[in-house]
Protein chains: 4
Amino acid sequence: MTKRLTGRDTEASAPAQGREAILAVAKKQFAEYGYHGATLSKIATRAKVCKANIFHHFGSKEGLYLAVLKDYCEQLSPLRGSRPISAPTCREQLRQFAQVHLENMLNEQGAVQLFLRELLAKDSLRKEILAKGVLEDNFSSLVQMVREGQEAGEIRPDIDPAMLAVMLLGADVFFFMARDVFQHFRDVHFAEAPGDYSKALSEILLKGCLAKRD
Amino acid sequence: MTKRLTGRDTEASAPAQGREAILAVAKKQFAEYGYHGATLSKIATRAKVCKANIFHHFGSKEGLYLAVLKDYCEQLSPLRGSRPISAPTCREQLRQFAQVHLENMLNEQGAVQLFLRELLAKDSLRKEILAKGVLEDNFSSLVQMVREGQEAGEIRPDIDPAMLAVMLLGADVFFFMARDVFQHFRDVHFAEAPGDYSKALSEILLKGCLAKRD
Amino acid sequence: MTKRLTGRDTEASAPAQGREAILAVAKKQFAEYGYHGATLSKIATRAKVCKANIFHHFGSKEGLYLAVLKDYCEQLSPLRGSRPISAPTCREQLRQFAQVHLENMLNEQGAVQLFLRELLAKDSLRKEILAKGVLEDNFSSLVQMVREGQEAGEIRPDIDPAMLAVMLLGADVFFFMARDVFQHFRDVHFAEAPGDYSKALSEILLKGCLAKRD
Amino acid sequence: MTKRLTGRDTEASAPAQGREAILAVAKKQFAEYGYHGATLSKIATRAKVCKANIFHHFGSKEGLYLAVLKDYCEQLSPLRGSRPISAPTCREQLRQFAQVHLENMLNEQGAVQLFLRELLAKDSLRKEILAKGVLEDNFSSLVQMVREGQEAGEIRPDIDPAMLAVMLLGADVFFFMARDVFQHFRDVHFAEAPGDYSKALSEILLKGCLAKRD
DNA sequence: GATGAATGAGTGTTCATTCAT
DNA sequence: AATGAATGAACACTCATTCAT
């Protein structure tokens with residue numbers, strides 16, 4: 001009775017309380033400053049809870065970080081299905097995938113930032129488990145997609161499907177990381193237009209850049 | 001006469017002294033653990049100098065970090081010319097570039113790790129100045145290369161040169177970041193063969209992945 | 001029940017705990033060695049608390065110092081009333097004031113030492129706020145006292161009341177500061193007799209030193 | 001030949017060099033911040049010399065401080081004679097002394113600040129030796145002056161000459177210390193007029209504040 | 001006479017963590 | 001579930017000092 005209902009807090013940006021408030025703030029902090037750069041004091045302050053309360057809920061900084069990681073995972077995984085890839089031809093599927101994937105990354109900046117940082121770390125403890133879990137989803141979807149395209153005779157059979165997948169994902173990751181810097185390059189016109197970027201990307205992936213020689 | 005010969009230090013990884021010793025250790029530590037993860041105590045211990053000496057030479061942790069960044073920059077920039085790209089056709093130049101660029105990244109893992117981490121940070125102070133300086137070198141080389149290919153009629157004129165550059169660099173960056181994870185993907189066969197990766201990469205960039213329809 | 005009785009701590013100099021223990025030690029240290037001469041390590045050790053605990057309670061060295069200053073203020077202010085000045089004639093009131101004021105200073109050596117040091121500093125931030133608060137109390141009491149004496153025709157009307165106040169307070173301050181040195185002056189006989197000092201002081205203030213010429 | 005003549009540097013405020021430059025800066029710093037508040041790094045920087053050079057000339061911080069103290073002493077002692085006290089009557093001599101003494105203090109703020117700080121310290125090592133040396137000069141002059149006045153029947157014989165001396169010096173010391181604070185007291189009109197202060201001071205000392213009763 | 005490099009002990013401060021309540 | 005007090009270890013940084021040149 002004395003306890004307030006906290007059920008609907010997840011919807012919208014209503015100020016969560018207790019455990020959830022901590023988690024929400026921690027996600028931001030870890031994403032922005034990395035594991036070592038983030039501090040429990042700051043997280044506690046911003047979440048308007050006592051520092052000791054963090055330990056009550058998460059046991060340790062490491063524990064909190066893992067909870068953040070897990071939360072980000074759950075937040076990321078279902079997204080792939082948010083706008084289902086469905087098109088008759090493989091080339092069209094790839095175009096859609098390129099578009100949707102980049103959109104998702106930009107919608108989940110915190111999660112992506114954290115994962116990429118994890119990739120750069122040397123621990124390899126969490127790196128394998130987590131990054132693999134997130135990457136593999138997208139990766140095997142793509143590979144499967146390409147394989148079907150090859151079986152349908154649409155994609156060249158001498159193409160390594162994994163290679164294609166890496167190129168698409170890599171282009172998106174690089175865009176995500178360097179978009180701030182791109183804005184200061186005069187040769188770049190797509191810095192603020194992810195849609196155009198995705199289109200041009202899939203175009204080159206499909207047709208290559210060589211002029212047709214006849 | 002009274003001065004000790006330190007000549008051979010430059011050659012191998014012989015223990016440098018004073019300022020250089022600190023810088024060398026700091027480069028490793030910052031690359032491995034990031035700015036916040038690295039500690040001056042550890043750096044001092046490993047460099048076999050007094051902690052206070054770091055401040056004598058670099059003023060502050062920030063100062064040391066900037067010196068490291070600057071040093072990595074100078075170490076990275078001239079690399080582009082280390083194995084000069086020279087081939088009659090543009091497609092061959094791109095193939096060479098893909099190869100050399102990835103090799104360079106793998107040879108300078110510390111520098112690259114640091115730069116990528118910097119890209120993920122929010123400072124934008126160092127990000128712009130440094131990442132721009134390093135990225136732009138490779139970037140504009142590539143763009144120029146593609147432009148010439150277009151003028152020679154070798155590359156499709158409707159291709160955005162910057163787009164091609166981003167795809168190539170992005171694929172390399174992504175390979176660099178995720179290679180550890182790749183090793184655990186069964187679909188991936190190039191994880192430990194950067195040479196093959198570069199070849200397949202440029203192949204797709206040039207010809208695309210679509211089957212020829214005639 | 002489970003809570004320990006701490007009641008008697010206030011009475012004597014029993015070892016206070018936590019915040020109060022720190023404050024008590026800090027007051028001594030700052031008074032004895034000044035702001036820069038005092039160190040938090042020493043304060044923590046003597047207060048038998050962890051150094052970090054000081055920051056938990058006071059935020060910073062500056063914060064602790066200000067708390068000390070504030071505490072000394074409250075300790076000093078009510079003293080004026082401790083032995084209320086009450087006498088029919090103004091001359092008697094002045095005699096009493098001279099006596100009581102010097103006694104108070106000698107009873108609160110720590111506070112006085114700190115205040116005088118603060119007067120010699122250049123901050124002017126704390127100087128104004130604090131010294132003013134403490135000085136003004138005594139100062140305006142004296143001025144008011146003299147004014148009433150003038151209205152009653154007891155004190156010469158051409159006397160500046162503020163001047164008289166400064167002379168009385170100044171003589172006490174100087175005695176406080178130099179009493180150690182006075183002991184080695186053969187001409188001085190009042191060094192260890194503050195009572196005599198106060199008496200002689202008010203005598204001269206009232207009657208002057210000139211021989212009566214008639 | 002290669003060495004510049006440094007002889008006349010002492011005159012005027014020409015930028016001294018080496019030892020003298022250090023001493024000049026150290027005097028300011030010690031006076032302003034006290035022994036613990038002043039740092040050799042700052043002194044070295046401001047004197048535009050190497051920190052190690054300070055040790056070359058003065059051996060240690062303590063050594064430098066003592067040199068400063070000695071220098072201030074020499075600077076202060078002869079001042080009493082700068083404007084010789086000479087008047088037929090004792091009362092006039094006292095008036096002159098009050099005036100000259102306060103002037104001297106205000107002209108030598110650094111020295112005075114340092115000495116007063118020393119008086120507040122607990123070392124009593126230097127306190128006795130130095131403060132005594134400086135104080136005693138003024139003190140015994142005054143006492144002697146008063147004694148002669150008493151012998152000449154000008155000063156009341158029941159006055160303790162030391163007491164009169166302490167009151168005069170104390171009033172000046174207090175003015176020196178609190179003059180910044182005085183400016184914010186509405187009752188005080190002499191804060192920026194040391195001349196008036198000295199006059200009023202000697203007036204009260206001589207004649208007292210009581211109204212003439214007949 | 002003067003400097004730059006180097007140092008050990010110490011500074012104030014912050015860290016993640018624990019505990020009693 | 002939540003808090004304030006407390007802690008030890010570590011943090012970046014400054015101190016006065018030394019030494020070879």
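Below, read A as the first sequence line, B as the second, and so on, with proteins coming before strands; counting in each chain starts at 1.
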Heavy-atom check, side chain of Leu64(C) versus side chain of Leu40(C), under 4.5 Å:
yes
Does dG8(F) have a Watson-Crick or wobble partner in any strand here, with both distances under 3.5 angstrom, and which is it?
dC15(E)
Considering only dT7(F), dT17(E), dT3(E), which nucleotide approaches the side chain of Val49(D) most closely?
dT3(E)
Glu118(C) and side chain to side chain donor-acceptor pair (under 3.5 Å): which single residue from Arg126(C), Lys127(C), Gln113(C) fits?
Arg126(C)
Starting at the 5' end of DNA chain F and moving along, which residue's nearest nucleotide shows up first, Ala38(B) or Cys50(C)?
Cys50(C)
The residue, Ala52(C) or Thr39(C), whose nearest nucleotide of DNA chain E is more 5′ is Thr39(C)
OP1 or OP2 of dT7(F) versus the side-chain N and O atoms of Asn53(C): is any pair under 4.0 Å?
yes
Hey, does the side chain of Ser41(A) come within less than 4.0 Å of dT14(E)'s phosphate (OP1/OP2), counting only N and O?
no
Do the non-hydrogen side-chain atoms of Leu66(D) and Phe58(D) ever get within less than 4.5 Å of each other?
no
Which base, if any, makes a Watson-Crick or G-U wobble pair with dA1(F), both distances under 3.5 Å?
none
Between dA2(F) (P) and Lys48(A) (NZ): distance, integer Å:
15 Å
Separation of atom CD1 in Ile54(B) from atom P in dG4(E), rounded to whole Å:
20 Å
With the side chain of Phe55(B) defined as its heavy atoms from C-beta on, choose the nearest nucleotide among dT17(F), dT14(F), dC19(F).
dT14(F)
Distance check needed: dC13(F) P versus Phe58(B) CZ, whole Å only.
13 Å
Hey, is the side chain of His57(B) poking within less than 4.0 Å of OP1 or OP2 on dA6(E), counting only N and O atoms?
yes
Any carboxylate oxygen within less than 4.0 angstrom of a Lys/Arg side-chain nitrogen, looking at Lys122(B) and Glu32(A)?
yes
Do the rings of Tyr65(C) and Phe30(C) sit parallel, tilted or perpendicular, given the 30° and 60° boundaries?
perpendicular
Rounded off to whole Å, could you give me the OH-to-P distance for the Tyr33(D) and dC15(F) pair?
13 Å
Leu40(B) atom CG is separated from dT7(E) atom P, nearest whole Å, by 15 Å
Output the rounded distance in Å from NZ (Lys61(B)) to P (dA12(F)).
4 Å
Is His56(C) near enough to dA6(F) that one of its side-chain N or O atoms lies under 4.0 angstrom from OP1 or OP2?
no
Mind calculating the distance between NZ (Lys51(D)) and P (dA6(E)) to the nearest angstrom?
14 Å
Over how many whole Å does the gap from Leu64(B) atom CG to dC13(F) atom C1' extend?
13 Å
